[in-house]
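Since the model is a prediction, treat every value here as computed from it, not as a measurement. Position 1 is the first residue of the sequence, and the numbers go up from there.
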Amino acid sequence: MSSSEHQAPSAATNTLKEEPLKLAIAISLLRSKFLQRHPPPPSLSDDTLKWKRKAKERKQEILKLKDDLKEAEEASQCDLFPQTASCKCYFFDNLGKLSPNRLGDGSDRRFHDVLRRRFLRQVRLRERRKTCGSSQKRRAFGFSDEDQAEQLRASVDFLVELCSSSSPVQESKFKNWSHQAVDFILAALKNLLSMGKNLESVEGVVSRLIMCLVRQMSSPSRRDEAHKSDTNSQLDIQHLLRKLGCQSYIGQRIILSISQRISVLAESLLFSDPFDETFPAMHECMFVMIQLIEFLVSDYLLTWSTNEDFENSVFEEWVTSLLQARKSVEVLESRNGLYVQYMDRVVGELSKLMGQSPALLKLNSGIFDALLS
């Protein structure tokens, strides 16, 4: 065999051996380029894995707590205490009716806490809107005289706005919120009067409350289509004033304001055109106001007279004003004799109750004689 024939198979063998080597080199280069573009994630230590696992567990716990909180908030709106339910405490029982016994607070404690939370939520929302943009932080109601004064003011503002709101309020919400507002007003007023501080400020807030509610109740509407709803609104506000009147500080001032308003309205009726569209509404206002005085006298007078904080001077003032109101309606007898009969019934009830109270009999004898005349 020649040397050239021996070298040919050797070259072919070398070529076959180099092919896998070249392929391996090519694969290595491709892998190197891929790793450069996509570096592998750094290896995590055991501590890092441990803390990541704990963070994940905490996140799941927080999500679960948020779900529990949401369920708890929605629980107050469940079927047991639905937002649309009417007031369960019977606060508006005896609406427009004489009660055989003195009215109590009528509270059903099963529902009190839920209604109280709802009312506080509405008051805070209202206060937040009023102080929007202010850096002052609202405080929770407490037991100091400043806190009680703030509670009285906020509750009065809320009730006045609720009664005078131009936008309609659902009946059940109006009853629940107004009930809680009355309770808060009476509680704060009782505490402030017992402290004996800021009495001028307290009297100003109470006077504003009475003035706004009495004006809302005794202002006849000029819209015939709203006549029915206006009458219902009058009776609701009359009932709120009746409930507020269980506290003699408010009740005596309500009677004083109403009796003065009766005198003014009597004069207006005397010179009004009977064909004016507001004339029937004015008559209804007159009866609603006289009825409110009758309710307050029959419900609370004997209880007021036994209280240590009963104000004799205010009592004498409103009795004198009531007698003046009776004289004012006497001139309307030719138009409507029911006014005089109704006022005589109220004065007669007042005289009877005064005769049953030794404390009232010790007051100015001239007032008692005027009632009997």
Side-chain angles (χ1 to χ4, degrees), residues 98 102-103 185-186 189-190 192-194 196 198-215 217-218 238 241-267 286 288-332 339-373:
L98 277 171
R102 187 182 65 85
L103 290 176
I185 290 169
L186 293 176
L189 180 62
K190 181 180 179 180
L192 287 169
L193 292 177
S194 64
N198 301 321
L199 294 183
E200 291 184 3
S201 175
V202 170
E203 186 173 5
V205 173
V206 171
S207 298
R208 180 169 61 85
L209 169 65
I210 295 172
M211 180 189 67
C212 292
L213 293 185
V214 169
R215 182 173 56 198
M217 181 190 69
S218 59
Q238 180 204 67
L241 287 166
R242 182 182 182 181
K243 290 290 189 176
L244 288 165
C246 69
Q247 164 61 253
S248 64
Y249 188 91
I250 300 180
Q252 292 205 98
R253 286 165 174 80
I254 291 175
I255 297 179
L256 177 60
S257 176
I258 291 292
S259 58
Q260 293 172 348
R261 193 102 180 174
I262 289 174
S263 299
V264 173
L265 184 57
E267 185 177 355
M286 177 69 81
V288 168
M289 288 192 294
I290 298 175
Q291 186 182 47
L292 177 57
I293 295 178
E294 183 180 26
F295 288 155
L296 292 172
V297 169
S298 62
D299 289 343
Y300 305 122
L301 181 60
L302 292 179
T303 305
W304 290 347
S305 64
T306 59
N307 293 340
E308 295 181 357
D309 57 352
F310 182 72
E311 299 170 286
N312 295 334
S313 59
V314 179
F315 172 77
E316 294 177 358
E317 186 177 359
W318 69 255
V319 171
T320 303
S321 180
L322 181 62
L323 294 174
Q324 182 62 41
R326 183 176 67 171
K327 292 181 180 179
S328 299
V329 300
E330 285 177 356
V331 298
L332 298 173
Y339 292 149
V340 179
Q341 294 181 23
Y342 204 170
M343 287 296 293
D344 285 344
R345 190 172 85 178
V346 173
V347 172
E349 179 71 12
L350 175 59
S351 302
K352 183 181 73 174
L353 294 176
M354 282 188 64
Q356 298 175 10
S357 173
L360 296 179
L361 289 175
K362 296 177 182 178
L363 299 179
N364 189 342
S365 59
I367 293 179
F368 193 72
D369 294 338
L371 287 172
L372 297 177
S373 62

**Request:** Could you check Lys327 against Glu330 for salt bridge (Lys or Arg N to Asp or Glu O under 4.0 Å), going step by step and ending with a plain yes or no?
**Result:** CA-CA 5 Å; Lys327 292 181 180 179; Glu330 285 177 356; over 6 Å; no
**Request:** Go through Phe295 and Val297 one step at a time and tell me if the side chain to side chain contact (heavy atoms under 4.5 Å, CB included) criterion holds.
**Result:** CA-CA 6 Å; Phe295 288 155; Val297 169; over 6 Å; no
**Request:** Take Asp309 and Tyr249 through the test side chain to side chain contact (heavy atoms under 4.5 Å, CB included) and record every step on the way to the result.
**Result:** CA-CA 8 Å; Asp309 57 352; Tyr249 188 91; 5.9 Å; no
**Prompt:** Under the side-chain hydrogen bond (donor to acceptor under 3.5 Å, both in side chains) criterion, do Glu311 and Gln252 qualify, and how do the steps go?
**Reply:** CA-CA 9 Å; Glu311 299 170 286; Gln252 292 205 98; 4.5 Å; no
**Request:** Using the salt bridge (Lys or Arg N to Asp or Glu O under 4.0 Å) rule, take Arg242 and Glu294 through it: C-alpha gap first, then chi angles, then the decisive distance, then the call.
**Result:** CA-CA 10 Å; Arg242 182 182 182 181; Glu294 183 180 26; over 6 Å; no
**Request:** Applying side chain to side chain contact (heavy atoms under 4.5 Å, CB included), run through Arg261 and Leu265 and close with a yes or a no.
**Result:** CA-CA 6 Å; Arg261 193 102 180 174; Leu265 184 57; 5.5 Å; no
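Evaluated for a side chain to side chain contact (heavy atoms under 4.5 Å, CB included) with Ile262, the options Met289, Glu267, Arg326, Gln324 yield exactly one hit, Met289.
Closest approach of Leu189 to Gln247, counting heavy atoms only: CD2-CG, 3.6 Å. Taking every heavy atom of both residues into account, Ser259 and Ser321 meet most closely at OG-OG, 2.7 Å. Between Ala359 and Ser305, the shortest heavy-atom contact is CB-O, 3.7 Å. Between Met217 and Val288 the shortest heavy-atom distance is SD-CG1, 3.7 Å. The two residues Leu353 and Leu301 make their nearest non-hydrogen contact at CB-CD2, 3.8 Å.
Side-chain contact between Ile254 and Ile293: absent, with no pair of heavy atoms (C-beta onward) separated by less than 4.5 Å. In this structure the side chain of Leu244 reaches within 4.5 angstrom of the side chain of Leu209, judged on heavy atoms. When side chains are defined from C-beta on, Met286 counts as touching Ile290, because their heavy atoms get closer than 4.5 Å.
Here the CG atom belonging to Leu213 is positioned 5.0 Å from the CG atom belonging to Leu241, to the nearest 0.5 angstrom. Going from atom OG of Ser218 over to atom CD1 of Ile258 covers 6.0 Å, rounded to the nearest 0.5 Å. Here the OG atom belonging to Ser248 is positioned 5.5 Å from the CG atom belonging to Asn307, to the nearest 0.5 angstrom. Rounding to the nearest 0.5 Å places CG of Leu360 at 9.5 Å from OG1 of Thr306. Here CZ of Arg215 is found 13.0 Å from CD1 of Ile210. Values are rounded to the nearest 0.5 Å. How far CZ of Arg345 is from CD of Gln291: 8.5 Å, rounded to the nearest 0.5 Å.
By the 30° and 60° cut-offs, the orientation of the rings of Tyr300 relative to Trp304 is parallel.
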